[in-house]
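Sequential numbering from 1 along the given sequence is applied to the chain's residues.
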Amino acid sequence: MTRIALPDGRHFAVTWSIPDAFGGMTDAMLRRSAAFHRVAGVDVDVLTFDARPDTPDVERMLRERGVLAPGVRIVNLYDWLRSHPLPGGSLRHDPETFTPLAPDEATEVRRRGDHVMSRSRLDVDGTTLQTDHYRDDGTLLLSDRHDTRERGVLGGRSVVLCDGEGRPVRSWRRLWTLYRACSTP
């Protein structure tokens with residue numbers, strides 16, 4: 001087979017998540033990623049943005065089923081952030097918007113084995129008001145609130161990234177701004 005030369009650099013495929021049962025677009029993305037590796041010899045990282053705590057298990061199961069080809073790996077944003085600190089940036093440290101959840105405040109807890117990966121506080125109607133993400137050692141990684149006041153109106157957003165000690169170091173008013181911060185060197 002003739003190899004195709006692709007530009008130097010990292011190659012990504014981006015999707016919100018890889019559900020347990022998938023087809024269509026997710027299947028096509030995984031096949032296309034495998035073809036990049038097979039035809040051009042490049043590795044492809046499939047970047048997911050959901051807060052699913054079992055991404056390593058999903059990757060393992062997909063490999064066992066033969067769905068995930070060699071040279072293709074699943075990289076979850078929250079798992080990546082757990083081991084890759086972001087360089088300096090702005091911090092809007094407002095004590096009213098940075099209020100990490102205490103264990104008894106959480107109405108939903110996601111675990112990976114014995115480790116708590118996230119805790120969420122839900123409204124009575126099930127709407128997520130806040131999700132705190134944690135590292136394997138239990139320190140706070142990221143606090144994402146959906147119920148702050150912005151210009152006096154309830155419903156603003158506060159996304160606060162914490163250092164390895166759980167102290168706030170960067171903040172944003174939108175989650176997409178965090179995504180962009182992760183993509184810039």
Side-chain angles (χ1 to χ4, degrees), residues 10 12 14-20 45-64 68 73-150 154-185:
R10 293 182 67 188
F12 290 92
V14 178
T15 185
W16 182 257
S17 68
I18 299 179
D20 291 331
D45 291 328
V46 176
L47 179 61
T48 62
F49 294 104
D50 64 341
R52 189 174 176 162
D54 63 343
T55 301
D57 293 334
V58 170
E59 182 173 1
R60 182 184 45 75
M61 287 185 292
L62 291 174
R63 285 203 194 289
E64 288 172 358
L68 199 62
R73 69 181 183 144
I74 309 296
V75 177
N76 177 269
L77 172 75
Y78 296 96
D79 287 334
W80 185 86
L81 281 170
R82 286 180 177 101
S83 58
H84 295 84
L86 290 179
S90 64
L91 175 64
R92 178 184 54 132
H93 185 65
D94 181 351
E96 291 183 25
T97 61
F98 180 64
T99 56
L101 294 172
D104 62 340
E105 290 180 285
T107 49
E108 180 181 87
V109 177
R110 292 181 169 181
R111 298 178 181 276
R112 182 181 296 159
D114 294 335
H115 301 286
V116 171
M117 303 312 286
S118 67
R119 287 187 182 100
S120 296
R121 178 174 52 91
L122 307 178
D123 200 351
V124 292
D125 67 0
T127 303
T128 301
L129 299 174
Q130 178 175 347
T131 300
D132 287 355
H133 301 272
Y134 302 92
R135 294 178 181 84
D136 287 343
D137 66 3
T139 57
L140 182 62
L141 169 70
L142 183 86
S143 183
D144 181 7
R145 285 194 56 188
H146 300 248
D147 63 342
T148 63
R149 291 195 175 277
E150 192 168 300
L154 190 62
R157 190 102 181 236
S158 172
V159 180
V160 178
L161 182 68
C162 297
D163 66 11
E165 304 297 317
R167 295 179 302 239
V169 291
R170 289 190 72 176
S171 64
W172 302 271
R173 291 177 191 226
R174 290 173 180 71
L175 200 55
W176 280 102
T177 315
L178 166 65
Y179 299 162
R180 278 195 301 276
C182 293
S183 68
T184 57

For the residue pair His84 and Trp80, categorise the inter-ring angle as parallel (less than 30°), tilted (30 to 60°) or perpendicular (more than 60°).
-> parallel
For the residue pair Trp176 and Phe49, does the interplanar ring angle fall in the parallel (under 30°), tilted (30 to 60°) or perpendicular (over 60°) class?
-> tilted
Where do [X] and [Y] come nearest, in terms of heavy atoms and distance?
X: Trp16; Y: Thr48; answer: O-CB, 3.7 Å
X: Arg112; Y: Pro53; answer: NE-O, 2.5 Å
X: Ser118; Y: Thr131; answer: CB-CG2, 4.0 Å
X: Leu77; Y: Cys182; answer: CD1-SG, 3.6 Å

When you look at CG of Asp114, are more than 12 heavy atoms from neighbouring residues, nucleotides or ligands closer to it than 6.0 Å?
-> no
Salt bridge Asp57-Arg52, side-chain N to carboxylate O under 4.0 Å | no
Quick one: does [X]'s side chain have a donor or acceptor within less than 3.5 Å of a partner on [Y]'s backbone?
X: Arg110; Y: Ala51; result: yes
X: Asn76; Y: Asp50; result: yes
X: Asp45; Y: Val75; result: no

Tell me the salt bridge (charged side-chain N to carboxylate O under 4.0 Å, His left out) pairs involving residues 134-146, sequence neighbours left out?
-> Asp144-Arg157, Arg145-Asp147
How long is the span from the CE atom in Met61 to the CD1 atom in Ile18, to the nearest 0.5 Å?
-> 10.5 Å
What distance separates Thr55 OG1 from Ile74 CD1, expressed to the nearest 0.5 Å?
-> 8.0 Å
Side chains of residues 158-169: which donor-acceptor pairs under 3.5 Å do they make with residues two or more places apart or in other chains?
from: Asp163; atom 1: OD1; to: Glu165; atom 2: N; distance (Å): 2.9
from: Asp163; atom 1: OD1; to: Gly166; atom 2: N; distance (Å): 3.1
from: Asp163; atom 1: OD1; to: Arg167; atom 2: N; distance (Å): 2.9
from: Asp163; atom 1: OD2; to: Arg167; atom 2: NE; distance (Å): 3.1
from: Asp163; atom 1: OD2; to: Arg167; atom 2: NH2; distance (Å): 3.0

